[in-house]
Amino acid sequence: MKNDERRSFWTWGHVSDEPSEEVRLAAAQAASKRTGIEVLPPPIPSIESISLRAPRLEVPTSLSDFVSVATIDRITHTYGGHSLELLKAIRGQFDEPPDAVAYPESEEQLEQVLEWCIANKTTVIPYGGGTSVVWGLNVPKESERAVSVDLERMNRILEIDEVSRAAHFQAGIYGPDLEAQLKSIGLTLRHYPQSFPWSTVGGWVATRSGGHYATNHTHIDDFVESIKMLSPAGWYESRRLPGSGAGPSPDRMVIGSEGTLGIISSCWLRLQKRPKYRASAGVLFADWYQGTEAVRAIVQSKLYPANLRILDPVEAQLAAGVAGSHALLIIGFESADIPQRLSIEHAVAMARDHGGVIDDQAVIVDDGTGSATGREGSVGAWRNAFIGVNAGAQLGLGLLSDTFETAITWDRWPSFDETIRASVGAVLHETIGKGATLSCRFTHVYPDGPAPYYSFSGPVPIGGEQEIWHLIKTAANDAVVGAGGTVTHHHAVGRMHKEAWERQRPELHGDMLRALKSTLDPSSNLNPGVLINS
């Protein structure tokens with residue numbers, strides 16, 4: 001099945017997802033007010049005005065029905081979704097485009113493409129929805145030729161097992177299409193990364209994506225039942241099982257491999273019934289660290305709320321409209337079978353024991369009637385800001401904005417947070433100055449530790465974004481790894497985090513990965529430079 005809507009070349013998603021000129025102008029006016037320097041939205045180049053190098057390969061007639069060298073296809077597969085990539089795109093800079101884009105519609109066509117690429121010593125870039133924010137989709141400068149393999153036409157649900165609650169998905173199916181088909185039978189995958197509208201099942205598995213829900217089933221790892229992947233060495237398919245103790249997991253070797261070992265064609269994922277009962281609350285804390293202690297108490301009680309997300313005072317004000325200097329704890333429960341009133345009452349009581357403040361009437365419960373929860377007040381404001389993310393409105397306005405996320409055990413929190421804020425804050429002060437902001441929220445929490453998600457922003461000279469970003473990002477990576485955290489919790493490694501990840505992982509683990517790659521991809525055709533140096 002072909003998707004007829006064209007993908008945007010300068011923001012996430014499709015053309016219909018692009019911010020309007022009115023939205024871009026409003027963003028420019030806000031940027032002008034913040035910086036005191038008048039700016040206008042940069043013009044969006046036409047496709048016809050963008051200059052690309054000529055394709056460095058010739059597509060054989062046998063593949064021409066589903067392999068394209070058209071300018072628009074090559075442009076829309078040059079970059080992922082990181083703000084610096086999108087900034088290059090809106091400025092019309094496409095120095096390293098793929099030479100062709102393949103759109104296989106079957107496993108047979110996928111085999112044909114991979115065989116052609118290997119025979120012609122061509123770099124292969126597996127492509128899902130294009131939302132990578134860690135430079136995981138870029139053609140390396142040293143590649144003599146490259147083909148982007150986009151699986152968007154392999155987008156069907158092949159089989160649904162309602163008894164075991166699992167389904168067999170082709171890798172190219174997008175989140176909304178997946179959920180729309182499951183809704184008719186009362187089931188859901190219930191995995192919602194922030195990129196959900198524009199990302200695919202294969203991309204989620206390949207990058208170990210994290211969903212919206214804060215506890216229990218957080219990563220795609222928790223949903224995978226089996227995987228089928230095509231490598232240069234042949235097909236790799238794991239047995240479909242609810243669990244196994246037979247040696248290292250064949251699925252775990254593929255989850256998070258980021259297109260370096262093969263191209264995921266399909267997978268079985270566990271499903272669940274659609275939620276019916278819900279409850280939510282927003283609790284204020286005068287002290288950020290008291291609030292994080294409340295989070296620890298709740299998650300270690302194993303109530304497993306669907307949402308347990310705390311925003312520091314800066315984040316609470318910017319994203320949820322909380323006045324003053326209060327942190328905001330968002331608590332949410334849901335279930336298909338069990339009313340959630342008792343669970344939310346227990347969680348709110350624990351939050352109050354740690355200094356949290358909330359009126360009784362602000363605890364919203366839906367006992368199965370379908371009434372809205374989590375859509376009003378500060379909780380609703382945060383929800384709208386989170387779901388309504390748009391990567392293109394502020395491009396080219398002289399505002400640098402990015403994030404980095406990690407995870408750390410509770411015994412090293414809050415000293416970890418203090419270290420990160422001091423280290424990154426110092427570089428923000430040196431590079432941006434008084435206009436810089438640094439904030440933190442927990443996106444996911446576990447009984448043994450939180451996953452802090454830091455955001456930074458500030459005005460920078462137009463044209464100087466990349467240099468300043470590099471200084472800040474280097475400081476963040478150094479601080480996070482040096483303080484014992486992970487360089488990424490759910491944004492993947494790509495090329496962006498590779499050097500810091502080398503410091504995080506055991507040295508022998510890198511040797512193991514290289515040995516595995518040499519077995520499955522002996523000529524290093526697949527996504528070279530991602531995760532490891534071959």
Participant: Given side chains that start at C-beta, do those of Ile125 and Val147 come closer than 4.5 Å, heavy atoms only?
Facilitator: no
Participant: Considering all heavy atoms of both residues, which atom of Ala316 and which atom of Leu311 are nearest to each other, and what is their separation?
Facilitator: N-CB, 3.9 Å
Participant: Contact between Leu438 and Ile420 at the side-chain level, heavy atoms closer than 4.5 Å - yes or no?
Facilitator: no
Participant: Could you check whether the rings of Tyr213 and Tyr192 sit parallel, tilted or perpendicular, using 30° and 60° as the cut-offs?
Facilitator: tilted
Participant: Run the side-chain contact (heavy atoms from CB on, under 4.5 Å) test on Thr431 and Ile472 for me, step by step, so that the C-alpha distance in whole Å, both residues' side-chain angles and the decisive distance to 0.1 Å come before the verdict.
Facilitator: CA-CA 8 Å; Thr431 56; Ile472 298 168; 3.9 Å; yes
Participant: Return yes if some donor-acceptor pair links the side-chain N/O of Ser457 with the main-chain N/O of Leu400 below 3.5 Å, else return no.
Facilitator: no
Participant: Does Gly203 offer a backbone N or O that forms a donor-acceptor pair with the side chain of Thr207 under 3.5 Å?
Facilitator: yes
Participant: Would you call Asp99-Arg56 a salt bridge at under 4.0 Å N-O?
Facilitator: yes
Participant: Distance-only, no hydrogens or angles: does the Gln340 side chain make a donor-acceptor pair with backbone N or O of Ala279 under 3.5 Å?
Facilitator: no
Participant: Please report the shortest heavy-atom distance between Pro459 and Ile432, naming the atom on each side.
Facilitator: O-CG2, 3.5 Å
Participant: Return yes if a side-chain donor-acceptor contact under 3.5 Å exists between Thr443 and Glu405, otherwise no.
Facilitator: no
Participant: Return yes when atom CD of Gln290 has more than 12 non-hydrogen atoms of other residues, nucleotides or ligands closer than 6.0 Å, and no otherwise.
Facilitator: yes
Participant: Would Ile358 and Leu284 count as a side-chain contact (heavy atoms from CB on, under 4.5 Å) if you check the C-alpha gap in whole Å, the side-chain angles of each, and the deciding distance to 0.1 Å?
Facilitator: CA-CA 7 Å; Ile358 181 174; Leu284 296 177; over 6 Å; no
Participant: If the plane angle is over 60° it's perpendicular, under 30° parallel, otherwise tilted; pick one for Phe404 and Phe456.
Facilitator: tilted
Participant: Working note: Ser401 + Gln394, criterion side chain to side chain donor-acceptor pair (under 3.5 Å); need CA distance, chi angles, decisive distance, verdict.
Facilitator: CA-CA 9 Å; Ser401 180; Gln394 293 188 339; 5.1 Å; no
Participant: Do any N or O atoms from the side chain of Thr218 and from the backbone of Ala214 form a donor-acceptor pair under 3.5 angstrom?
Facilitator: no
Participant: With a 3.5 Å distance limit and no angle check, can you tell me whether Gln504 reaches the backbone of Val487 through a side-chain donor-acceptor pair?
Facilitator: yes
Participant: side-chain contact (heavy atoms from CB on, under 4.5 Å), that's the test. Do Arg495 and Val134 meet it? Break it down for me.
Facilitator: CA-CA 6 Å; Arg495 294 175 177 84; Val134 293; over 6 Å; no
Participant: For the pair Arg7 and Asp73, find out whether any cationic side-chain nitrogen is under 4.0 Å from an anionic carboxylate oxygen.
Facilitator: no
Participant: Determine, step by step, whether Leu178 and Phe196 satisfy the side-chain contact (heavy atoms from CB on, under 4.5 Å) criterion, reporting the C-alpha distance in whole Å, the side-chain angles of both residues, the deciding distance to 0.1 Å, and the verdict.
Facilitator: CA-CA 10 Å; Leu178 175 157; Phe196 172 79; 5.8 Å; no
Participant: For Gly259 and Ala206, work out which heavy atoms get closest and say how close.
Facilitator: N-CB, 4.4 Å
Participant: Report yes if the side chains of Thr123 and Val139 come closer than 4.5 Å at any heavy-atom pair, otherwise no.
Facilitator: no
Participant: Restricting to non-hydrogen atoms, name the atom on Leu428 and the atom on Thr437 that form the minimum distance, rounded to 0.1 Å.
Facilitator: CD1-O, 4.0 Å
Participant: Minimum heavy-atom separation for Val124 and Pro126, please, with both atom names.
Facilitator: O-CD, 3.4 Å
Participant: Ignoring hydrogens and geometry beyond distance, is a side-chain donor-acceptor pair present between Glu152 and Thr200 at under 3.5 Å?
Facilitator: no
Participant: Would you please indicate if the ring centroids of His217 and Phe223 are separated by under 6.0 Å?
Facilitator: yes
Participant: Looking only at the side chains, is there a donor atom on one of Ser46 and Ser49 sitting less than 3.5 Å from an acceptor on the other?
Facilitator: yes
Participant: Check whether any side-chain N or O of Ser8 sits under 3.5 Å from a backbone N or O of Val15 as a donor-acceptor pair, and report yes or no.
Facilitator: no
Participant: Just to verify, which of Thr406, Asp417, Thr403 counts as forming a side-chain hydrogen bond (donor to acceptor under 3.5 Å, both in side chains) with Tyr454?
Facilitator: Asp417
Participant: Under a 4.5 Å cut-off applied to non-hydrogen side-chain atoms, are Ser455 and Tyr453 in contact?
Facilitator: yes
Participant: Can any side-chain N or O of Glu85 pair as donor or acceptor with the backbone N or O of Trp135 at less than 3.5 Å?
Facilitator: no
Participant: Cationic tip of Arg309 within the cone over Phe442's six-membered ring, i.e. under 6.0 Å and within 45° of the normal?
Facilitator: no
Participant: Which residue in the set Ile331, Thr215, Ile330, Leu329 passes side-chain contact (heavy atoms from CB on, under 4.5 Å) when paired with Asn307?
Facilitator: Ile330
Participant: Would you say Val201 and Cys267 make side-chain contact, with heavy atoms under 4.5 Å?
Facilitator: yes
Participant: With ring pair (Phe, Tyr, Trp, His ring centres under 6.0 Å) as the test, would you mind laying out the steps for His444 and His490 before giving the verdict?
Facilitator: CA-CA 10 Å; His444 306 76; His490 58 269; 5.1 Å; yes
Participant: Kindly compute the distance separating NE2 (His14) from CD (Glu5), expressed to the nearest 0.5 Å.
Facilitator: 5.5 Å
Participant: For Glu334, is there an ion pair with Lys276 - N to carboxylate O distance below 4.0 angstrom?
Facilitator: no
Participant: Would you check if the side chain of Asn527 reaches a backbone N or O of Val530 as a donor-acceptor pair within less than 3.5 Å?
Facilitator: no
Participant: Is the distance from the ring center of His82 to that of Trp469 below 6.0 Å?
Facilitator: yes
Participant: Salt bridge check: are Glu96 and Arg74 linked by an N-O gap of less than 4.0 Å?
Facilitator: no
Participant: Closer than 3.5 angstrom, by distance alone: can the side chain of Asp312 be matched with the main-chain N or O of Glu315 as a donor-acceptor pair?
Facilitator: yes
Participant: Flag the pair Ile310 / Trp288 as yes when at least one side-chain heavy-atom distance between them is below 4.5 Å, and no otherwise.
Facilitator: yes
Participant: Is the ring centre of His219 less than 6.0 Å from the ring centre of His489?
Facilitator: yes
Participant: May I ask you to say whether Arg421 pairs ionically with Glu418, meaning some side-chain N is under 4.0 Å from a carboxylate O?
Facilitator: no
Participant: Answer yes or no on whether Arg24 is positioned over the face of Trp10, meaning its NZ or CZ is under 6.0 Å from the six-membered ring centre and within 45° of the axis.
Facilitator: yes
Participant: With a 4.5 Å limit on heavy-atom distance, are the side chains of Val283 and Val357 in contact?
Facilitator: no
Participant: So, for Leu151 and Ala171, which heavy atoms are closest and what is the spacing to 0.1 Å?
Facilitator: CD1-CB, 3.8 Å
Participant: Using a strict threshold of under 4.0 Å (side-chain N to carboxylate O), is an ion pair present between Arg208 and Asp221?
Facilitator: yes
Participant: Nearest 0.5 Å, what's the CZ-CD1 distance between Arg278 and Ile344?
Facilitator: 13.0 Å
Participant: Out of Trp12, Phe9, Phe94, which residue meets the ring-ring contact (aromatic ring centres under 6.0 Å, His included) rule with Tyr79?
Facilitator: Phe94
Participant: Would you call Lys473 and Glu467 a salt bridge, taking side-chain N to carboxylate O under 4.0 Å as the test?
Facilitator: no
